[in-house]
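Quick notes on the structure that follows.
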Amino acid sequence: MAVTLKAALLDSDKRGFVVTDLETLVDDEVKDKSGLSGGVIKTGYAAVKKIKPGIIWGVIDTLLDEFVEALEPHWTAYQAAPTGDFGAYLAAHPQPVSEALLGVTDRRAEKSNRQAITSVYSKLRGKAQENVIEALPRLGAVVEKHAA
């Protein structure tokens, strides 16, 4: 039987490595942004990291369980008929995968009582799906690396 993502990625011996690799993924995705909106993203990201070092790692660690739960059905479907790598699988299913992942952050934003967070999130949400879709190949590579 195939290993579940929950068992593979949330194992206490692996979790820190998974979070670190996902933080690198986010850093790389931000670094690759271009144009005016890319500049805004890069500036905001750098400011957040400078104001509160370690915040990206902490947020990823906090949300990891829910992200893994959102990815689990896609991992199961990929394992049933693996073709190529998991990143290619995710990229071939961009809408349902991105919606599942953004559902995690949407629920968190809805529960937040911090106006600054909900305000910023609502402004960024419109472009978020495009950014998540662009990151799917890298995300799949990180997941597959740790699930193997």
Side-chain angles (χ1 to χ4, degrees), residues 1-46 48-49 54-112 114 117-148:
M1 179 167 172
V3 173
T4 65
L5 286 185
K6 183 177 179 181
L9 303 182
L10 303 180
D11 174 86
S12 61
D13 293 336
K14 279 188 169 182
R15 186 183 185 102
F17 296 109
V18 172
V19 173
T20 296
D21 283 353
L22 290 171
E23 179 182 29
T24 299
L25 178 152
V26 173
D27 288 345
D28 290 345
E29 286 294 320
V30 170
K31 182 173 58 178
D32 288 351
K33 298 296 176 205
S34 61
L36 184 59
S37 65
V40 170
I41 290 170
K42 287 177 181 181
T43 301
Y45 188 71
V48 166
K49 287 179 74 171
I55 190 170
I56 304 304
W57 198 97
V59 168
I60 292 169
D61 186 48
T62 299
L63 297 175
L64 184 61
D65 293 47
E66 293 173 72
F67 283 138
V68 167
E69 186 178 321
L71 284 173
E72 193 78 60
H74 303 287
W75 177 252
T76 301
Y78 167 71
Q79 290 291 295
T83 306
D85 57 47
F86 190 50
Y89 176 88
L90 295 178
H93 301 87
Q95 296 303 326
V97 175
S98 62
E99 289 169 14
L101 293 170
L102 288 169
V104 171
T105 54
D106 289 348
R107 285 188 298 278
R108 285 294 181 119
E110 287 173 11
K111 292 179 188 175
S112 178
R114 293 156 81 187
I117 290 174
T118 57
S119 175
V120 169
Y121 185 78
S122 67
K123 290 175 185 168
L124 297 175
R125 180 57 173 88
K127 194 91 164 129
Q129 189 160 23
E130 179 183 322
N131 291 321
V132 169
I133 289 170
E134 290 171 1
L136 291 178
R138 282 181 174 153
L139 176 61
V142 170
V143 168
E144 197 158 31
K145 170 185 171 183
H146 291 284

Residue pair [X] / [Y]: nearest heavy atoms and the distance that separates them:
| X | Y | value |
| --- | --- | --- |
| Ala8 | Lys14 | O-CD, 3.1 Å |
| Val68 | Lys6 | CG1-N, 3.6 Å |
| Leu136 | Leu90 | CD1-O, 3.5 Å |
| Tyr89 | Tyr78 | CB-CD1, 3.7 Å |
| Leu102 | Gln129 | CD1-CA, 3.5 Å |
| Val30 | Lys42 | O-CE, 3.3 Å |

Does the side chain of [Y] come within less than 4.5 Å of [X]'s, by heavy atoms?
| X | Y | result |
| --- | --- | --- |
| Asp65 | Arg15 | yes |
| Val97 | Leu71 | yes |
| Asn131 | Lys33 | yes |
| Leu5 | Glu69 | no |
| Asp32 | Arg138 | yes |

May I ask you to check whether over 12 heavy atoms, not counting those of Glu99, lie within 6.0 Å of atom CD?
yes
Distance (rounded to the nearest 0.5 Å) between [X] [atom1] and [Y] [atom2]:
| X | Y | atom1 | atom2 | value |
| --- | --- | --- | --- | --- |
| Lys31 | Thr24 | NZ | OG1 | 9.5 Å |
| Asp27 | Tyr45 | CG | OH | 3.5 Å |
| Leu139 | Leu22 | CG | CG | 6.5 Å |
| Phe67 | Thr62 | CZ | OG1 | 10.5 Å |
| Ile41 | Leu36 | CD1 | CG | 10.0 Å |

Under the 3.5 angstrom rule, does the side chain of Glu144 hit a backbone N or O of Phe86 as a donor-acceptor pair?
yes
Quick one: does Ser112's side chain have a donor or acceptor within less than 3.5 Å of a partner on Arg108's backbone?
no
Kindly determine whether Val18 and Lys145 satisfy side chain to side chain contact (heavy atoms under 4.5 Å, CB included), including the steps that lead there.
CA-CA 9 Å; Val18 172; Lys145 170 185 171 183; over 6 Å; no
